[in-house]
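Following: one structure in structure tokens, then a few remarks.
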There are 2 protein chains.
Amino acid sequence: MNIMNGESLATTGLSELEREVIELFIRMADVLNLPRSVGEIYGLLFISSAPLCLDDCRIRLNISKGSTSQGLKILRSFGAIRTVYIPGDRKDYYLAETSLRKIASGFAGEQVRPHVDGGKERIERIRELLEEHGSAEREMIEDKIDLLENWQKRAGKILPLILKLIGG
Amino acid sequence: MNIMNGESLATTGLSELEREVIELFIRMADVLNLPRSVGEIYGLLFISSAPLCLDDCRIRLNISKGSTSQGLKILRSFGAIRTVYIPGDRKDYYLAETSLRKIASGFAGEQVRPHVDGGKERIERIRELLEEHGSAEREMIEDKIDLLENWQKRAGKILPLILKLIGG
DNA sequence: CATTTTGTTCAGTAATTAATGAACATTATG
DNA sequence: CATAATGTTCATTAATTACTGAACAAAATG
């Protein structure tokens, strides 16, 4: 186990290096609109040499069972972590996925694509509303909706390209 | 002005079409981690045929002066709106910028780049911490930090490419 | 089949984030 | 220069979001 180094109880068990790495991922989580705890868990798994189970994460990060369970679920949902089976142990163990391509495409599919698709539906709805509109402003509005649709389509096409750029 | 159509007072002044467009931008704001009111204001300006002033936005969206002022400030900060001077009027009027290239590059520069740069600094700090580390785990950790740095650098290079893809 | 281990769910609470509006600047107007 | 118009700031409040922990599966163990 870890050698204690005279730090406060709250951070016991995490080296300064670990804390720094975890904080990096907390910031990333923030940018990606994910809960802080998700960043913490991923960070811990990322820097860990061995796979960790739910209780390892919970104890070392000092967060609740519920948050840990939820966080692992989210990370699994877009493939940022992998489950490792350890023979003779009932617990699930986790390892951070380190292929940026895999993580990014999982994230795109689970957390981004739904929004893009939702936007598409909404634009269709807006087009319908446009039917019931006086012709004075109508043409001008139609141009704006065209523009919106254009953005929408570009977003849909660029997303896969970004993944290509990331992935190799 | 707008023809009233027997709706609740709270939404008076916004046609269903306007409300739908605004809601689209509220969702976008959410994805981009911007306050809802920022999405509302941009949406209103986007669909408006004429430039609007602070009070126009405030009244039509039924939000406070403070939020409106703040929202316009944020939108100006990354070039999502432009100021229009109307002769003989002391008020500032605003128009939505409709060049996706301009908005995206403004957003990247103001809201994304700082995070990427912050990450770079943190990785440097982590490298320093690595110096004071036992050699048992050290090599393994070093590999991970290399990986992190690699991600970091890729992010920095991909960002401009994305803007190229968007911009044309 | 009772008990233990492991993990999930979710109602309640805490923490965070955004919105409000009054006080304050700043500039124009008469 | 007093008053009005316009916009900003920021302490307070409201709304949202994340976290907690106890209750609840589900499955393994003895």
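The figures that follow rest on heavy atoms only: side chains count, while hydrogens, waters and symmetry mates do not. Quantities reported herein were computed from a predicted structural model and do not represent experimental measurements. In what follows, chains are A, B, ... by sequence order, proteins preceding strands, each numbered from 1.
One interatomic measurement links the two molecules: CG of A/Asp89 to P of C/dT6, which rounds to 7 Å at whole-angstrom precision. The distance from atom CG of B/Leu75 to atom P of D/dT8 is 12 Å, rounded to the nearest whole Å. Nucleotide D/dG7 holds its P atom 11 Å from the CZ atom of B/Arg58, rounded to whole Å. One atom, CG of B/Leu32, and another, P of C/dA18, lie 13 Å apart when rounded to the nearest Å. Straight-line distance from the NZ atom of A/Lys73 to the P atom of D/dA25: 15 Å, rounded to whole Å. Taking atom CG on A/Asp56 and atom C1' on C/dT5, their separation rounds to 15 Å, with Å as the unit. Remark: P of C/dT4 and CG of A/Asp55 are 17 Å apart, rounded to the nearest angstrom. Taking atom CD1 of residue B/Ile59 and atom P of nucleotide D/dG7, one finds them 12 Å apart after rounding to whole Å.
A/Asp92 comes within 4.0 angstrom of sugar-phosphate atoms only, judged by non-hydrogen atoms across all strands, and of no base.
Between the side chain of A/Ser77 and the main chain of A/Ile74, a donor-acceptor pair closer than 3.5 Å is present. Between the side chain of B/Arg154 and the backbone N or O of A/Ile166, at least one donor-acceptor pair lies under 3.5 Å. Between the B/Glu20 side chain and the A/Arg122 main chain, no donor and acceptor come within less than 3.5 Å of each other.
For residues 79-95 of chain A, the salt bridge (Lys or Arg N to Asp or Glu O under 4.0 Å) pairs, not counting sequence neighbours, are A/Arg82-A/Glu97, A/Asp89-A/Lys91.
Atom OG of residue A/Ser48 and atom CD1 of residue B/Ile141 lie 10.0 Å apart, to the nearest 0.5 angstrom.
Between B/Phe46 and B/Phe25, the ring-plane angle classifies as tilted under the 30° and 60° cut-offs.
Under the 4.0 Å criterion applied to side-chain N and carboxylate O atoms, A/Arg58 and A/Asp55 are assigned as salt-bridge partners.
Paired with B/Glu40 under the rule side chain to side chain contact (heavy atoms under 4.5 Å, CB included), one option of B/Asn62, B/Ile22, B/Leu45, B/Thr68 passes, and it is B/Ile22.
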Every protein N/O lying under 3.5 Å from an N/O of nucleotides 26-30 of chain D:
{"unit_1": "D/dA27", "atom_1": "N3", "unit_2": "A/Arg90", "atom_2": "NH2", "d": "3.4"}

* Structure fact -> Nucleotide by nucleotide, nucleotides 13-23 of chain D touches protein heavy atoms under 4.0 Å in the pattern (B base, S sugar-phosphate only, - none) -----SSBB--
* Asked: Run the ring pair (Phe, Tyr, Trp, His ring centres under 6.0 Å) check on A/Tyr93 and A/Tyr85 step by step: do they pass?
  -> CA-CA 6 Å; A/Tyr93 282 79; A/Tyr85 292 103; 9.8 Å; no
